[in-house]
Amino acid sequence: APLPAAREEPPAKRRRGGKRAGSPAGKEEPGLLPESNLKLDEVLPRLCAAAQEQDGSRFLQMKLQACDEEDRQKIFEESLPSIVKLSRDAFGNFVVQKLLECCSDDQRVALTEKLESEVLALAKHKYGCRVIQKALHYLPHDAKVRLGMKLGEIVCECIDDVHGNHVIQKLVEALPEDAGRCVAGSLAGRAEQMAAHVYGCRVIQRLLEHCPLDHLHEVLESIVDRVRNLARDIHGNYVIQSVLQNGREQDVRRIIDAVRGFVVEFATDKVSSNVVEKCLEVATVGKHKDALRQDRDALIRTVLGDSDAPSAPLQRLMYDKFGNYAVQSLIRYSRGEDWEELRRRILAAESQLKGSATGRHILGTLRKVMDSSS
């Protein structure tokens, strides 16, 4: 995602816009017509042509959703010979998707067998990729595995593609055990490169969200070894944050330790400042929070620094346009003596902080936290 001059909102909120899930083009499926002058008996002889027309596509989607098994079978039989062609068409692809949604498992398998010979071309096609994703959603498990094996042969080629990467993400979601191991294996030798890739970073995040972590050992090791580079990368920082959110305890600990060693550098960078905030969050409220208590305390004390030193990290971060966000996170996630020390030092600098926008943000966050705890 491009980075504008002003700081963006937190990563979880700024990722993708209002696109339909699984649809890289972000287009909505044509609305189904409540009424139509078309008749199925008239459409069937020219079904392939009708499915590629806007009204014909809508009519067939409506019929598939509401018709009985006999009519559905007729539409299926007439569509099957042209299924690859329809999958590539701007209107026809919606008919194929509706077939996959409404047909029986046997019919879904038959449709997919027709698609398998063209799976790479379809996965990289702006309409065909939607059909492959729909198949991965609705196919019975054994058929998903067979399709997944076909896709497993072209993982890296798909990840590099603006449309194909969505197919690999869906594959990971649909088959976290089987496909997760395959996709992770394909990425193992180039995990750092993929983590910094505009599409590869998304695939790695899906792996971390859905797959058993023991399948991802090599990928995780490569990523955690490159924290300093990836945390400052416009794509890689999302992967580091995902490891912090979903990774193993030892991965989270190593990232926090790496951040602590360069905390001012990271916190004052537009991109990696998000990683500093995520470290504080997961060490306080994440799934490994109890095991990471000492790591959190060490990170907080590194930020606080020596209270008598004008160059203490806290003093620098309070007046920095990105560093102030780390200070606000520190306010939210500090506990006990660290919280009291942080509050004391912020209030001691209140008059100076009021004179800057960053300082006013910090004071506002402090008041909110104090009010909520009173």
Side-chain angles (χ1 to χ4, degrees), residues 15-30 51 57 60-61 64-65 79-80 83-105 107-180 182-184 186-187 198-211:
R15 280 292 303 189
R16 299 174 186 85
K19 295 181 179 180
R20 182 163 59 90
S23 173
K27 294 180 179 178
E28 292 296 330
E29 181 175 338
S57 173
L60 288 166
Q61 291 173 69
L64 283 166
Q65 190 164 301
S79 302
L80 192 59
I83 210 70
V84 173
K85 181 179 181 180
L86 294 177
S87 296
R88 293 191 177 109
D89 184 75
F91 299 113
N93 82 89
F94 290 114
V95 176
V96 181
Q97 290 186 63
K98 189 60 71 173
L99 276 165
L100 287 164
E101 182 181 331
C102 298
C103 283
S104 67
D105 281 348
Q107 290 169 331
R108 290 173 181 136
V109 171
L111 286 172
T112 307
E113 287 174 351
K114 287 281 190 179
L115 300 173
E116 284 178 359
S117 62
E118 299 288 334
V119 68
L120 174 59
L122 289 170
K124 295 171 67 175
H125 191 275
K126 64 178 179 179
Y127 303 130
C129 72
R130 304 177 186 179
V131 172
I132 300 299
Q133 290 175 77
K134 189 73 77 169
L136 286 167
H137 183 81
Y138 281 104
L139 280 173
H141 181 75
D142 289 347
K144 280 184 187 179
V145 171
R146 288 197 299 274
L147 182 57
M149 290 174 65
K150 287 280 188 181
L151 291 167
E153 300 170 4
I154 53 173
V155 167
C156 291
E157 192 169 351
C158 284
I159 290 175
D160 282 330
D161 184 75
V162 63
H163 305 301
N165 80 89
H166 291 276
V167 173
I168 301 303
Q169 291 182 66
K170 186 65 177 181
L171 176 64
V172 169
E173 294 172 6
L175 292 169
E177 285 275 356
D178 304 277
C182 173
V183 174
S186 299
L187 297 180
V198 61
Y199 308 133
C201 71
R202 303 174 186 177
V203 172
I204 294 177
Q205 287 175 80
R206 298 298 87 72
L207 288 169
L208 288 163
E209 291 164 1
H210 297 280
C211 298

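Rounding to the nearest 0.5 Å gives a distance of 9.5 Å between SG of C158 and CD1 of I132. Note that NZ of K85 is 12.5 Å distant from CD1 of I83, once rounded to the nearest 0.5 Å. Here the CD atom belonging to Q65 is positioned 4.0 Å from the NZ atom belonging to K98, to the nearest 0.5 angstrom. In this structure, CZ in F94 is found 12.5 Å from CD in E101, a value given to the nearest 0.5 Å. The CG atom of L115 lies 7.0 Å from the CG atom of L100; values are rounded to the nearest 0.5 Å. Put simply, NE2 on H166 and CZ on R202 are 5.0 Å apart, with the number rounded to the nearest 0.5 Å.
The heavy-atom pair separating A135 from L147 by the smallest distance is CB-CD2, 4.1 Å. Of all the heavy atoms in P176 and C211, the pair that sits closest is O-SG, 3.3 Å. Of all heavy-atom pairs between G200 and I159, the closest is CA-CG2, 3.6 Å. Of all the heavy atoms in G152 and C182, the pair that sits closest is CA-SG, 3.6 Å. Closest approach of A143 to V109, counting heavy atoms only: CB-CG2, 3.9 Å. L136 and A174 get closest at one heavy-atom pair: O-CB, 3.5 Å.
Judged by distance alone, the side chain of Q133 and the main-chain N or O of C129 form a donor-acceptor pair under 3.5 Å.
S57 and Q61 share a side-chain donor-acceptor pair at under 3.5 Å.
Residues passing the side chain to side chain contact (heavy atoms under 4.5 Å, CB included) test with E173, sequence neighbours excluded: K170, R206, H210. With sequence neighbours excluded, the residues that form a salt bridge (charged side-chain N to carboxylate O under 4.0 Å, His left out) with E118 are R88. Shown here are the ring-ring contact (aromatic ring centres under 6.0 Å, His included) partners of H125, two or more places apart in sequence or in another chain: Y127. Taking S104 as the reference, D106, Q107 meet the side chain to side chain contact (heavy atoms under 4.5 Å, CB included) condition, with sequence neighbours excluded. Scored by the side chain to side chain contact (heavy atoms under 4.5 Å, CB included) test, A51 finds L60, L86, V95 as partners (sequence neighbours excluded).
Under the 4.5 Å side-chain criterion, counting only non-hydrogen atoms from C-beta, V155 is not in contact with V203. Side-chain contact check for Y199 versus Q169: every heavy-atom pair is 4.5 Å or farther apart. Contact annotation: the side chain of V131 never approaches that of L122 to less than 4.5 Å [non-hydrogen atoms, C-beta and beyond]. At a threshold of 4.5 Å between non-hydrogen side-chain atoms, the residues L171 and K144 do not count as touching. Here the side chains of D178 and H141 are in contact, with some heavy-atom distance below 4.5 Å.
Among pairs with a residue in residues 145-160, those fulfilling side chain to side chain donor-acceptor pair (under 3.5 Å) read K124-E157, D160-H197, at least two apart in sequence or across chains.
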